[in-house]
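All remarks here apply to the structure that follows.
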Amino acid sequence: MTEQLGRPRRVVILGALSTIAESLVRRLAAQGAHLALAARRADRLDALRADALGRGAASAEIFALDLAADLDVAAELDRMLAALGGEADAVVVIYGALGDQKIAERDLAAHDRLLAVNFTSAARWCAAAANRLEAQKHGVLLAVSSVAGDRGRQSNYVYGAAKAGLTTLVEGIAHRLAPSGARAVAAKLGFVDTAMTAHLPRGGPLWAKPDAVAQSLARLIDAPSKPVVYLPWFWRPILAIVRNVPAPIFHKTRL
Amino acid sequence: MSVFAPAAVSPWSGVARPVLPVARPRHGDELAATLGARETASVLGLGLARSYSDCVLNAAGSLVDMTGLDRILAFDRAAGVLRAEAGLSLDDALQAIAPQGWFFATSPGTRFVTLGGAVANDVHGKNHHAAGAFGCSVRRLGLLRSDGRHLDLGRDEGDPLFAATIGGLGLTGLITWVEVDLVRIPSTDLDVERAPFGGVGDFFDVAEASAGHEHTVAWIDCAATGAALGRGVFQRADWSAEGACVAHPRKLSLSMPLDAPAFSLNALSVRAFNALYWRQQSRLGRRREHYGAFFYPLDAIGRWNRMYGAPGFFQYQCVVPPEAARPAIAELVRQIAASGAGSFLAVLKTLGERRSPGLLSFPRAGATLALDFPNRGGATVALMNRLDAVVREARGRLYPAKDARMSAAMFRAGYGETLEAFRACVDPAFSSDFWRRVSA
């Protein structure tokens, strides 16, 4: 990957402490990347930085921020880009919260927080990143979205709606950036064996390992792709079916 | 929602596969709360469960799976010191250190062990006669006791908990991080030499003549009888001055997808395999090999333990002191060959004088013999009991990490000298099936 660019990669990761992000950090570190790592917990970011440097990162700067808070994200992103020498080859927006659908239905403050974490705040970071990438005329905005956005379901439609919005937003940014040479990709993930899904019964062929997902994300940073992709790929045909089940039948399920 | 959830845990031998409450923390700051959240009286840390025995199980209690704590905390590339969370595997660590020209001071025969597990079992390798056990390279370690205290123990600071934790089978508390001295390597290749020998006596002669080589080990054909009794192939190797520094490939070349049928492994197939292997190994002579091939030949086959089928297998590993080594090893090999129960991979090696700080460390000066026995129930246990008698007579002992059946008396016979000092360091909330068995 470094070889393709002819120099170490420079990557901003927003939400660097998630299980998948940490796997991605390790892959990038092992290839000698420069990293700007943002997440909420300063103590855990310290450990992440040490790990990245121990595995070979050329540099790793950390930014302890509540990414969903009301921030001047353009200024914050500029600080991160400055730590990388002014430009980035990729800005990865990977943070999010599954939340609790049942609580979000009754408690409208929780409802709004879920939308703010997964859509409003993420959209704002994407907008700021799009402006920078468009100006530098290269690099990719990679946003982690979810198959939950493909069809509203009773079990998680608030989260799903936020992710649907994010996917559409990033798809639009990809369209806008195309003439500039920069790119944008929304990666829609299915079940991944991480802390976020620890409460769900797991196992079976649909569950992906975080490291396998991180490997796919690293590939999306390097090589051109469609603006919206499924990770792993098999979710595309599955969701094609899910979207086409007639409502009278769908409404009889507990999906 | 509890942080402990039921999960099936199996030691590498596959003999037992119980379902236990297992917690999977990911951050050091979660550990004290994790221990506090257990709903059982006792708890035990768990790494990659490559130990063959019930020392990774805690049927009456819970387990804390430490493999989610696998961060490098500091890697000093100039001084060669690595500090990392206890769940980091050697497999993963080598990806970072080997390309920089550093290696662990010693390594066991699989890289799929965690640092915490390497400490808890005080693992040893092919260079034991030169480098001692893994514990000899441990500078400091972090230990979380069940009373919530986070201890930072250094090797020169005299706290008995340091010595008790090395080889302490995880019973002194939760090992949270480990700091080790690394060694410089000129390349990641080794110059390897293989030579056949005709019997146990010849093995000891070759081993003595090879003491100047850093890595020595022998494969022994425990199915051979008559004139071929005790034949084997001696391997000796040193880091090669030529070659690059490249980490091992991470992709497994093969994997056993499921348990092999029990009939596929019998006295006939073992004899045939061993005879073939003897001829093939004898012919190799001198060659250069990457450390991945030399140290970890079996790691290339994922889940190779499934070869033994659903009943699983026993591993038997003993060490006998130098003065008794020749006759005792010869007698063990004779009994195993006569039983026809031996398996493919019997390993014979001389261990050196260098003492690890560990109170309960298995390795000591002498000779160690390790091999697998397919689990055939009573006959297999009876054979191992006969071998125990030979080992006891020679004032030797068995390796807890490999043992699934030794008696409390056999354990006391091997570890009696340091057992009371160790017992005083055991955390009252930590236990294992192994510990309950041998301290009964």
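Each chain gets a letter, A, B and so on, in the order its sequence line appears, and its residues count up from 1.
Contacts between B:Asp76 and chain A at a heavy-atom distance below 4.5 Å are absent for every atom of the residue. Heavy-atom distances place the side chain of A:Arg26, and not its backbone, under 4.5 Å from chain B. Neither the backbone nor the side chain of B:Arg83 comes within contact range of chain A; no heavy atoms are under 4.5 Å apart. Both the backbone and the side chain of A:Ala47 come within contact range of chain B, with heavy atoms under 4.5 Å apart. Heavy atoms closer than 4.5 Å to chain B are found in the side chain of A:Asp43, but not in its backbone. Of the two parts of A:Arg44, only the side chain, counted from C-beta on, holds a non-hydrogen atom closer than 4.5 Å to a non-hydrogen atom of chain B.
Note that CG of A:Asp51 and CG of B:Leu88 are 8.0 Å apart. Values are rounded to the nearest 0.5 Å. Atom CZ of B:Arg250 is separated from atom CG of A:Asp211 by 7.5 Å, given to the nearest 0.5 angstrom. Taking CG of A:Leu53 as the start and CZ of B:Arg77 as the end, the distance is 7.5 Å to the nearest 0.5 Å.
Looking at every heavy atom in both residues, A:Arg55 comes nearest to B:Asp70 through NH2-O, 2.8 Å.
Counting heavy atoms of neighbouring residues, nucleotides and ligands inside a 6.0 Å radius, atom CZ of A:Arg106 does not exceed 12 of them. Shown here is B:Arg145, whose CZ atom has more than 12 heavy atoms of other residues, nucleotides or ligands within 6.0 Å.
Contact check for B:Arg26 versus A:Glu22: side-chain heavy atoms found under the 4.5 Å cut-off.
Of the residues considered (A:Ala52, A:Gly54, A:Ala50, A:Gly56), A:Gly54 shows the highest number of contacts with chain B, using heavy-atom pairs under 4.5 Å.
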